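In what follows, a single structure is set out as C-alpha cells and then discussed.
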Amino acid sequence: MSTMFNPAVEAASRDHIESAQAEGLCRLLPRLYAAVPSYREKLDGAGINPGDLSSLDDLQHLPFTLKDDLRAAYPYKMFAVPTRDIVRIHASSGTTGSISVVGYTRKDIRDWSECVARSLVAAGAGPDDFLHIAYGYGLFTGGLGLHYGAEYLGASVIPISGGNTRRQVQFLRDLMPTGGLACTPSYAALLAESALLEGTDLTQLPLRFGIFGAEPWSENMRKSLEASLGIDAYDIYGLSEIMGPGVAFECREKAGLHVNEDQFIVEIVDKDTKLPVPEGAYGELVFTTIAKEGIPLLRYNTHDITRIIPGACACGRTHKRIERITGRSDDMIIVRGVNVYPSQIEQVLLSFEGKLAPHYQVVLTREAALDAMEVRVELAPSFDFDEIRALEQLTQQVRRAIAEALMVRVKMTIVEPNSIARSEGKAVRLIDNR
Amino acid sequence: MAQQLSVFLENAPGRLNEMARVLGETQVNMHALFVADTNDFGVARIICDRTEDAAAALRDAGFSVTTTDVVAVEIPDTPGALGKLFEAIAAAEVDISYCYCVVDPTTKKAVSFCRFKTPNAQAVIEEAGFRIFGDNVFHS
Ligand SMILES: [Zn+2]
C-alpha cells in the first residue's frame with residue numbers, strides 16, 4: 001500500500017463508502033428543496049418528493065444540473081446558504097462570455113483543501129516538500145485550490161502564479177531543495193522549453209513530481225513532460241462547479257484518477273440517452289456533491305467523456321477510478337461527419353517527439369461548403385530543417401498518421417518554433433472559423 | 001568547409017524582409033543568399049561575415065536558425081567548369097543535397113556551395129582537381 005493522506009477515508013470498505021453516499025444523498029435533497037428555488041421547481045416538475053429517496057439506485061431518476069442552470073442562476077441564486085456564510089467566491093467564464101459563480105463556506109474550503117492534499121500525497125508529496133504553483137491565482141480555481149491543499153498538507157508553497165517564465169525557471173532552480181510543480185500541462189511544456197533556452201536543464205534539479213490539470217492531456221504528453229522535466233507527472237481533475245482541482249487524482253499507479261467519493265457521487269451516463277451506462281463503458285461524467293454547503297449540485301453533467309475503470313487499484317485506495325479525460329462532449333469537433341477530439345491529435349503529434357514541439361493548434365474552416373481542418377504544429381528547435389526534403393517527409397508522415405488515427409484528411413502545416421502563442425492558463429488549441 | 005546560416009521562414013508576408021532588416025541592423029554583410037521554398041515554408045541559406053553574431057541576432061528576433069557546414073568549391077570562370085565538378089561527384093556516387101553558385105563580380109571568381117549527404121565528398125572533389133575554400137571564402 002502506498003502512502004495516503006487520509007487512509008481511513010481513502011481505503012474505506014466499499015460498503016462503508018456506498019452507505020455514506022446514500023446517507024449523504026438523502027440529506028442533500030431536502031436541503032436543496034428548501035434552499036434553492038430552481039431545484040424545488042426541478043424536483044416538483046419531475047414528481048419527486050425529496051423525502052422519498054431510499055437508496056443510491058434512486059439517483060438515476062433525479063434531474064440533471066447543467067452549466068446553463070448555473071449561468072441562469074448568476075450570481076447567487078443557486079447558493080444553498082446565506083452569502084454571509086460564504087468565505088470565498090470563484091468564477092469561470094464560458095466561450096460565450098457568460099459567467100458561472102460558485103461560493104465556498106469555511107467547511108467547503110477545508111474539504112477542498114483535504115481533497116487536494118490527498119492528491120498531492122498520491123503524487124508522492126509530503127510536508128517536507130516545496131510546491132511551485134504556476135497555476136493562475138484569482139477567480140480560476142487552479143492556483144488557490146492547489147495553494148490551500150499544499151498548505152493543508154504542510155508543504156512549503158511558492159505561490160508564483162503564471163507568467164514571467166524567466167523568473168519561474170530561476171525559482172525552480174534556486175528555491176526548490178525538493179518538491180514538485182503544479183500547473184497546466186501546456187505551461188509545464190513551455191517552462192521546460194524556456195529553461196533549456198536559458199541553459200537550465202530542469203532534469204538536473206531536485207524536482208520530483210508534477211501535478212498537471214485544467215486541460216485534457218495525453219499519455220504521450222506525460223512521457224514528454226517526464227523526460228523534459230525529469231519528474232513523475234500526475235493528472236489532477238476538477239472543475240469549479242463541482243469544487244476545483246482535486247475532485248479526482250492519479251496515484252503512483254498512473255492508471256486512472258481516484259474520485260474523492262466521500263465528497264462526490266460519480267456516474268457515467270450515455271451521451272445521447274443520458275441513462276447510466278454499464279460499468280466500464282464510456283459516457284459523460286456526472287457528479288453529485290454530498291458534502292458541499294455553499295453550492296451543492298445534483299447530478300451535474302460535466303460533458304467530459306470518460307469511463308469508470310473496473311476493478312481495484314494496486315495502491316490500496318478503494319475510491320473508484322475514472323480514466324483520464326480524453327475530451328469533452330462539447331469539445332468534440334465534428335469534421336465532415338467524423339467525431340474528433342483535439343487530444344487525439346495531440347497524441348499523434350507527440351509521437352513525433354524530437355521532431356515536433358508540443359505546441360499545436362487546430363484551425364477549422366469551411367471551403368466550398370465542406371469542412372476543412374488544418375493542424376498547425378511547431379517544429380522542434382533541434383530539427384535540421386536545412387534539409388528541406390526531411391522537413392517535407394516529416395510533414396507527410398504526420399499528415400498520414402493523423403489521417404489514420406482520426407479517419408479525417410487534414411492540411412498539415414509545420415510552423416516555426418515559438419510561433420504559436422503560448423498560454424499561461426488553458427491552451428487555446430482550437431480555432432473554429434466555420 | 002564554409003559556415004552557412006539557414007533560417008526557417010514560414011510563408012507569411014514580410015518574413016524575408018524582417019530577416020534582412022535584422023541582419024542589416026547587426027551590421028552583417030551578406031555574400032550569398034539563396035531562398036528555397038515549398039508550398040508551405042521556405043528556408044533562406046546565407047553566407048555572410050560574422051556568422052555567429054548573425055545567428056544570435058536572428059534568434060533574439062525570434063527566428064529559427066541553424067548553422068550548417070557546406071563545401072565551398074572554386075569554379076574556374078570557363079564554360080563547362082561546373083559540369084566537370086558534377087561529373088566528378090556523380091562518378092564517385094556522392095549524394096548531393098543541394099548546391100548553389102555565386103560569382104564575385106570584381107574577381108569574376110565563381111564559388112559553388114554544396115551540402116552533401118556523403119562524408120567523403122570533400123576528398124572526391126579535391127582529387128578531381130578543384131580548390132576548396134576554408135571558412136573565409138570572400139575575404140581570404
Ligand atoms: Zn490507486
Side-chain angles (χ1 to χ4, degrees), chain A residues 165-166 190 193-199 349 352 354-363 365 367 372-400 402-403 409-422 431, chain B residues 1-19 22 32-48 51 54-56 58-72 95-100 113-119 121:
Chain A
T165 48
R166 183 162 295 194
L190 170 64
E193 209 171 81
S194 317
L196 267 190
L197 283 177
E198 286 168 29
L349 296 178
F352 289 87
K355 296 176 176 171
L356 301 176
H359 300 286
Y360 66 95
Q361 257 172 356
V362 179
V363 185
T365 47
E367 285 167 11
M373 181 160 84
E374 181 190 5
V375 176
R376 301 168 60 80
V377 61
E378 283 181 12
L379 195 63
S382 58
F383 190 87
D384 181 10
F385 55 79
D386 184 54
E387 281 256 38
I388 286 184
R389 239 166 306 167
L391 192 47
E392 282 181 327
Q393 271 166 13
L394 176 65
T395 311
Q396 272 177 29
Q397 283 166 2
V398 181
R399 186 191 301 123
R400 228 175 286 137
I402 290 181
R409 274 233 315 274
V410 296
K411 178 179 189 302
M412 190 64 229
T413 307
I414 294 182
V415 300
E416 290 178 41
N418 301 309
S419 65
I420 289 176
R422 300 292 194 265
I431 299 167
Chain B
M1 287 286 185
Q3 280 251 298
Q4 171 196 273
L5 276 185
S6 302
V7 186
F8 188 85
L9 297 170
E10 232 174 280
N11 273 358
R15 289 303 280 164
L16 198 56
N17 176 28
E18 173 68 9
M19 181 193 84
V22 172
L33 168 66
F34 172 65
V35 181
D37 70 317
T38 71
N39 276 336
D40 301 314
F41 56 85
V43 174
R45 296 174 178 135
I46 301 165
I47 304 287
C48 61
T51 310
L58 286 169
R59 283 197 188 104
D60 285 348
F63 283 94
S64 288
V65 183
T66 62
T67 51
T68 312
D69 285 332
V70 290
V71 181
D95 211 350
I96 189 163
S97 295
Y98 58 80
C99 113
Y100 52 99
F113 295 95
C114 309
R115 178 169 178 177
F116 294 103
K117 289 185 176 164
T118 337

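Quick note on labels: first sequence line is chain A, next is B, and so on, each numbered from 1. Only a predicted model underlies this, so the values are computations on that prediction, with no experimental measurement involved. Only this structure's heavy atoms are used, side chains among them; waters, hydrogens and symmetry mates stay out.
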Any side-chain heavy atom of A:Phe385 sitting closer than 4.5 Å to one from B:Thr66?
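They are in contact (side-chain heavy atoms under 4.5 Å apart), so the answer is yes.
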Please confirm whether the backbone N or O of B:Glu10 pairs with a side-chain atom of A:Glu416, one donor and one acceptor, at under 3.5 Å?
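Checking the backbone N and O of B:Glu10 against the side chain of A:Glu416, a donor-acceptor pair under 3.5 Å is found.
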Do you know which of B:Arg45, B:Arg115, B:Gln4 has the most heavy-atom pairs with chain A at a distance under 4.5 angstrom?
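It is B:Arg115.
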Out of curiosity, [X] [atom1] to [Y] [atom2], how far, rounded to the nearest 0.5 Å?
X        : Y        : atom1 : atom2 : answer
B:Lys117 : A:Glu387 : NZ    : CD    : 5.0 Å
A:Ile388 : B:Asp37  : CD1   : CG    : 8.0 Å
A:Thr413 : B:Phe41  : OG1   : CZ    : 10.5 Å

For each of A:Asp384, A:Leu379, A:Leu197, A:Thr395, tally heavy-atom pairs with chain B at distances under 4.5 Å, and name the one with the top tally.
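Among the listed options, the one with the most contacts to chain B is A:Asp384.
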Between B:Phe8 and A:Leu391, is the side chain to side chain contact (heavy atoms under 4.5 Å, CB included) condition met? List the steps.
CA-CA 11 Å; B:Phe8 188 85; A:Leu391 192 47; 3.3 Å; yes
Could you look at B:Ser64 and say if it's the side chain, the backbone, both or neither that has a heavy atom under 4.5 Å from chain A?
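The answer is both parts of B:Ser64.
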